[in-house]
Amino acid sequence: MNILLAEDDKKLGKLMKYVLEKKGDYHVDWVDNGEDAHHYAVGSTYDVLVLDWMMPRKDGIDVCKSLRAAQYRQAILLLTAKDALQDKILGLDAGADDYLTKPFEMEELLARLRSLTRRNFAPIQAEVVTFGQFMLKRSSRQLFRRGEEIFLSQREYQLLDLFLQNLGHALTRDVILDRVWGVGSEVSNKNVDVTVKMLRDKLEAVQGETMIQSVRGVGYRFEA
């Protein structure tokens with residue numbers, strides 16, 4: 001399960017990310033402002049967004065409203081210290097699916113997330129993805145072209161799967177780094193460029209054409 005956590009309190013965010021990954025067995029991307037939360041939500045696939053109400057650059061309510069206005073269908077859990085009934089109504093009317101008041105116990109957070117994920121908001125990803133003459137098998141993390149396997153490293157597979165989830169959309173290096181290596185990773189954008197080049201070379205060696213396009217000043221876009 002993939003979770004996007006948007007929390008600007010560094011201490012709380014670090015604790016929540018740790019608990020969600022260790023006890024909930026989730027993959028967690030963590031951002032600390034509303035603009036990044038919105039950008040990540042539309043650029044990747046998450047099962048649940050956990051949004052703090054009060055965040056810099058764009059608060060959780062605004063993020064929620066803008067996502068729902070764009071027909072975003074994944075589950076959203078809103079976190080806030082505001083506990084008045086009217087505040088809860090405001091959050092739910094903005095499009096949140098659930099509401100958790102601070103301070104809260106981590107076990108309750110995990111229970112709320114289990115409840116939301118059981119509702120199947122997120123589309124189920126296909127086990128086999130075909131593009132051009134290629135076939136990607138997600139369960140075994142194997143790539144084939146006309147029945148012949150093309151070996152991919154773990155990072156190359158994660159990068160290709162990310163591209164396939166965002167066909168035709170430009171992804172920034174920061175988004176790629178966070179989704180493939182994880183938020184807080186010590187690797188740099190150079191690692192992204194090197195991994196992109198290695199994947200591009202492997203695809204071009206058998207396909208004879210470029211599928212990964214460089215987008216100047218942004219990052220990369222995959223065209224199948």
Side-chain angles (χ1 to χ4, degrees), residues 1-56 58-127 138-139 158 161-162 165-166 175 178-180 182-184:
M1 294 290 186
N2 293 321
I3 303 291
L4 175 62
L5 170 63
E7 171 59 64
D8 65 318
D9 183 316
K10 302 294 185 184
K11 184 176 180 180
L12 178 58
K14 184 176 181 180
L15 174 61
M16 291 176 65
K17 177 176 169 62
Y18 175 82
V19 170
L20 292 176
E21 290 181 336
K22 297 302 180 182
K23 289 190 175 183
D25 198 27
Y26 295 108
H27 173 84
V28 181
D29 288 339
W30 172 28
V31 297
D32 61 6
N33 66 83
E35 286 185 1
D36 283 349
H38 187 276
H39 182 70
Y40 273 60
V42 299
S44 299
T45 301
Y46 296 98
D47 297 283
V48 183
L49 308 187
V50 181
L51 302 178
D52 185 33
W53 186 319
M54 302 301 293
M55 289 187 293
K58 197 171 187 178
D59 67 30
I61 291 291
D62 287 339
V63 173
C64 200
K65 285 181 177 178
S66 60
L67 288 173
R68 294 308 191 203
Q71 304 302 310
Y72 187 82
R73 298 188 181 279
Q74 268 73 359
I76 299 177
L77 172 63
L78 193 64
L79 305 178
T80 179
K82 300 182 178 184
D83 58 0
L85 176 60
Q86 192 57 41
D87 292 320
K88 294 181 180 181
I89 293 173
L90 179 61
L92 295 172
D93 283 347
D97 298 287
D98 202 355
Y99 189 105
L100 190 56
T101 304
K102 295 179 178 180
F104 53 83
E105 296 294 333
M106 291 297 167
E107 290 300 327
E108 182 179 4
L109 172 63
L110 290 169
R112 298 290 185 99
L113 291 175
R114 287 194 297 270
S115 176
L116 287 172
T117 53
R118 283 196 298 268
R119 298 180 196 175
N120 295 322
F121 286 90
I124 298 174
Q125 291 187 340
E127 153 63 10
R138 284 195 166 109
S139 61
Q158 290 175 303
D161 198 20
L162 178 63
Q165 293 177 44
N166 297 275
V175 166
D178 290 344
R179 293 292 287 147
V180 175
V183 175

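These values consider heavy atoms only, across backbone and side chains, with no hydrogens, waters or symmetry-generated copies. Throughout, numbering of the chain's residues begins at 1 and tracks the sequence.
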To the nearest 0.5 Å, tell me how far [X] [atom1] sits from [Y] [atom2].
X	Y	atom1	atom2	result
K22	K17	NZ	NZ	10.0 Å
L15	M106	CG	CE	3.5 Å
M16	L110	CE	CG	9.5 Å
R114	L109	CZ	CG	9.5 Å

Under 3.5 Å donor-acceptor, [X] side chain and [Y] backbone:
X	Y	result
R68	A96	no
D97	I76	yes
E127	S139	yes
D47	N2	yes

Grab the two heavy atoms, one from [X] and one from [Y], that are nearest each other, plus how far apart they are.
X	Y	result
H38	S66	CD2-OG, 3.1 Å
G13	L5	O-CD2, 3.7 Å
L77	R112	CD2-CB, 4.4 Å
A41	L49	CB-CD1, 3.8 Å
Y46	I3	CD2-C, 3.6 Å
L51	A37	CD2-CB, 4.2 Å

Residue pair V50, L100: steps toward the side-chain contact (heavy atoms from CB on, under 4.5 Å) verdict: CA-CA 10 Å; V50 181; L100 190 56; over 6 Å; no
Test side chain to side chain donor-acceptor pair (under 3.5 Å) applied to K10 - qualifying residues, sequence neighbours left out: D32
For D36, all residues meeting side chain to side chain donor-acceptor pair (under 3.5 Å), sequence neighbours excluded: N33
D98 side chain reached by L113 side chain, heavy atoms, under 4.5 Å: no
Non-neighbouring partners of E107 that pass salt bridge (Lys or Arg N to Asp or Glu O under 4.0 Å), sequence neighbours left out: K23
Contacts of K102 that satisfy salt bridge (Lys or Arg N to Asp or Glu O under 4.0 Å) - sequence neighbours left out: E7, D52
Residue Y18 excluded, over 12 heavy atoms near OH under 6.0 Å: no
